[in-house]
Amino acid sequence: MAENQSAVTGRFPVKRGLAEMLSGGVIMDVVTPEQAKVAEDAGAVAVMALERVPADIRRDGGVARMSDPEMIDGIIAAVSIPVMAKARIGHFVEAQILQSLGVDFIDESEVLTPADEAHHIDKFAFDAPFVCGATNLGEALRRISEGAAMIRSKGEAGTGNIVEAVRHLRSILGDIRRVGQADSAELFDWAKRLQAPLPLVQELAESGSLPVPLFCAGGIATPADAAMAMQLGAEAVFVGSGIFKSDDPAPRARAIVEATTHFRDPAILAKVSRGLGAPMTGIGMDDVNERYAERGW
Amino acid sequence: MSVPRLGVLALQGAAPAHMRALSSIGCPSAPVRVPDDLDGLDGLIIPGGESTTMSMLLESSGVLEPLQQAVDNGLGVFGTCAGMILASTTIEDGRDDQHALGIMDLTVQRNGYGRQRDSFEVDIDVDGHTFHAVFIRAPRIVSMGADVAVVAHYGSDPVLVREGRHLMASFHPELTGDTRIHEIFVAGLQDSRMQGG
């Protein structure tokens with residue numbers, strides 16, 4: 001027996017570790033315990049509790065906030081898989097409340113109305129792990145420097161349009177490849193241009209990947225969209241409005257789960273894409289009234 | 001002794017971390033997503049992840065039955081966290097439709113140490129040496145068959161157990177860069193091949 005078996009909680013290895021365990025999976029937005037059950041039945045690795053899906057936030061306008069704790073309790077009670085929930089950017093008290101509810105992962109999310117126009121949450125001050133959105137490598141590294149244990153490319157939530165998610169993934173992964181080619185003197189310039197801490201840039205150049213998992217969010221509506229994000233290099237996907245704003249959520253949810261696993265197998269992708277009914281209608285970027293991806297600093 | 005042919009079940013979860021750990025001890029491995037990927041394997045790692053998701057995908061991918069046949073024909077299995085849940089005989093607090101493959105005679109309680117806020121790190125003793133173990137929403141071994149041997153404890157709970165060529169851990173040896181437990185699994189496969197097992 002080891003002499004000293006004193007356990008510690010809330011350190012970075014267990015935060016990053018949970019993010020790793022979600023790899024290759026689908027995290028689904030849900031607004032009720034019933035939707036959470038549908039998501040779990042379909043094979044979701046986690047559910048994201050929020051008060052309205054992004055498509056409804058976009059339609060209704062107004063200030064979007066953390067969900068009612070009663071709803072979050074109901075979702076936690078309804079499923080056995082991890083439960084995530086969203087706090088507004090910079091709203092550390094919403095995050096404190098979510099942590100006290102026992103939420104497994106907190107999303108400091110641009111889909112909600114920002115609470116602070118200069119500061120993100122100091123995520124090292126929490127035992128719960130955080131995921132944050134990013135549109136480019138500099139933004140991703142700044143969030144990691146604040147303690148994020150997972151990064152998701154932002155895309156444009158509530159549009160059912162994959163184009164922004166593709167732009168953000170290509171930007172992040174393309175710059176990771178470029179930093180990997182830089183010599184040690186060029187890394188100083190990269191840190192300056194990315195507005196990111198030099199040690200993180202140097203670590204990235206050495207390892208060739210972010211120090212936390214990179215997932216994709218914002219606009220995934222079909223199994224093919226999920227597989228494209230995975231082929232581009234995302235390690236897992238978030239699906240928001242794409243499931244519960246479609247004609248028939250349960251089979252679509254399950255098809256997206258299978259597509260995320262078999263993302264390089266076109267025959268399986270064709271099979272799971274059959275007969276799913278209409279996806280969410282979606283909107284073109286020229287018709288998007290407000291770009292959530294521009295929130296965050 | 002030649003290097004055993006290894007696969008890592010890659011339906012969902014931390015398969016890449018296991019593949020990196022195996023590669024760093026000189027054992028290349030291949031991801032397993034469809035039945036053909038099991039052909040010719042000596043050992044398979046079932047990684048951590050979400051056991052309910054993996055159970056569903058084992059069925060939809062058609063891997064479930066070929067995997068059970070391969071185990072009957074001598075495939076050695078190393079299950080970590082969710083992988084141990086899938087490999088057990090009885091699952092407590094799981095879903096009713098969740099598969100228990102019965103690879104090792106274990107009863108496990110899913111999330112037996114609590115939610116993420118209870119996830120922890122602790123030093124455990126493995127063969128007289130300290131191993132830094134990371135437990136994430138980890139399963140607890142509630143009971144085990146007479147032929148299962150305990151390799152490591154946390155408190156009074158067994159957390160690393162073996163039976164023949166199979167090895168199960170409630171924690172995540174793939175996350176810390178310490179490859180000794182992967183080496184134990186590979187050595188066990190080589191022993192059982194030498195014995196013609």
Side-chain angles (χ1 to χ4, degrees), chain A residues 1-27 40-46 76 79-84 99-105 126-129 209 213 235-236 254-255 257-258 260-265 267-268 271-272, chain B residues 10-17 31 33-34 47-57 59-61 80-82 93-95 97-98 110-111 113-126 128-138 152-156 171-172 174-176:
Chain A
M1 297 286 292
E3 291 303 311
N4 179 21
Q5 282 199 326
S6 56
V8 290
T9 58
R11 294 201 320 170
F12 204 68
V14 298
K15 295 180 176 181
R16 185 188 184 286
L18 181 58
E20 290 251 6
M21 294 313 131
L22 302 172
S23 288
V26 182
I27 299 152
E40 186 183 51
D41 289 348
V45 288
I76 287 175
V79 295
S80 62
I81 55 179
V83 175
M84 301 187 168
Q99 176 168 280
S100 82
L101 293 173
V103 161
D104 296 297
F105 230 105
F126 290 78
D127 285 347
S209 61
E235 290 163 74
R254 193 182 168 105
V257 169
E258 291 187 45
T260 303
T261 293
H262 301 286
F263 65 95
R264 286 196 197 282
D265 192 328
I268 293 180
K271 188 177 113 202
V272 304
Chain B
L11 298 171
Q12 189 275 316
R33 295 192 179 90
V34 294
E50 196 44 56
S51 63
T52 55
T53 303
M54 283 195 255
S55 173
M56 189 205 96
L57 288 163
E59 205 173 301
S60 66
S61 64
T80 58
C81 193
D93 296 339
R95 284 172 57 94
D97 59 357
Q98 188 170 352
R110 193 161 156 249
N111 302 334
Y113 296 95
R115 303 185 70 80
Q116 174 63 14
R117 65 176 165 198
D118 309 304
S119 291
F120 61 97
E121 300 162 70
V122 69
D123 286 339
I124 58 173
D125 182 288
V126 177
H129 300 282
T130 298
F131 190 93
H132 188 68
V134 179
F135 292 75
I136 295 170
R137 290 172 52 98
H153 287 90
Y154 164 55
S156 57
F171 56 95
H172 292 282
E174 77 283 10
L175 291 183
T176 46

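Here is the naming used below: chain letters follow the sequence lines, and residue numbers restart at 1 for every chain.
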> Is it the side chain or the backbone of A/E235 that comes within 4.5 Å of chain B heavy atoms, both, or neither?
Replying inline: neither
>> Are the side chains of B/S60 and A/R254 in contact, using a 4.5 Å heavy-atom criterion?
In response: yes
> Hey, which of B/E121, B/H129, B/Q12 has the most heavy atom pairs under 4.5 Å with chain A?
Replying inline: B/E121
>> Let's test your reading of the structure: which of A/G10, A/G25, A/P213, A/P13 forms the most heavy-atom pairs below 4.5 Å with chain B?
In response: A/P13
>> If I measure from the heavy atoms of chain B, does A/V272 come under 4.5 Å with its side chain, its backbone, both, or neither?
In response: neither
> Quick one: what part of A/F263 sits under 4.5 Å from any heavy atom of chain B, side chain, backbone, both or neither?
Replying inline: side chain
> Which bit of A/P129 comes within less than 4.5 Å of chain B, counting heavy atoms only: side chain, backbone, both or neither?
Replying inline: side chain
>> Go through it in stages, so that I can follow the logic: the residues are A/M21 and B/H172, the test is side chain to side chain contact (heavy atoms under 4.5 Å, CB included), and I'd like the CA-CA distance, side-chain angles, deciding distance and then a yes or no.
In response: CA-CA 10 Å; A/M21 294 313 131; B/H172 292 282; 3.3 Å; yes
> Is it the side chain or the backbone of A/A46 that comes within 4.5 Å of chain B heavy atoms, both, or neither?
Replying inline: neither
> What distance do B/I136 atom CD1 and A/D104 atom CG have between them, rounded to the nearest 0.5 Å?
Replying inline: 11.5 Å
> At a heavy-atom separation under 4.5 Å, does A/A236 approach chain B through its side chain, its backbone, both, or neither?
Replying inline: neither
> Between B/L11 and A/H262, which heavy-atom pair has the shortest distance, and what is it?
Replying inline: CD2-CE1, 4.5 Å
> Only one of B/E50, B/Q98, B/R110, B/R95 forms a side chain to side chain donor-acceptor pair (under 3.5 Å) with A/S80, so which one is it?
Replying inline: B/R110
> Which bit of B/D118 comes within less than 4.5 Å of chain A, counting heavy atoms only: side chain, backbone, both or neither?
Replying inline: backbone
> For the residue pair B/R115 and A/G102, what are the closest heavy atoms and their distance?
Replying inline: NE-O, 3.0 Å
> For chain A, which of B/V126, B/L57, B/T52 has the most heavy-atom pairs under 4.5 Å?
Replying inline: B/L57
>> For A/A7, which atoms come within 4.5 Å of any heavy atom of chain B: side chain, backbone, both, or neither?
In response: both
> Which atoms of B/A82 come close to chain A, meaning under 4.5 Å heavy atom to heavy atom: side chain ones, backbone ones, both, or neither?
Replying inline: neither
> Is A/S23 reaching over with its side chain to a backbone N or O of B/A14, donor-acceptor style, under 3.5 angstrom?
Replying inline: no
> Rounded to the nearest 0.5 Å, how far apart are NZ of A/K15 and OG of B/S119?
Replying inline: 12.0 Å
>> Which one wins on heavy-atom pair count under 4.5 Å against chain B: A/D127, A/V257, A/I81?
In response: A/I81
>> A side-chain contact here means heavy atoms from C-beta on lying under 4.5 Å apart; do B/Q116 and A/P82 qualify?
In response: no
>> Check whether B/T53 reaches the backbone of A/A44 with its side chain - one donor and one acceptor, N or O, closer than 3.5 Å.
In response: yes
>> For B/F135, which atoms come within 4.5 Å of any heavy atom of chain A: side chain, backbone, both, or neither?
In response: backbone
> Please walk me through it: do B/V134 and A/V14 pass side chain to side chain contact (heavy atoms under 4.5 Å, CB included)?
Replying inline: CA-CA 7 Å; B/V134 179; A/V14 298; 3.9 Å; yes
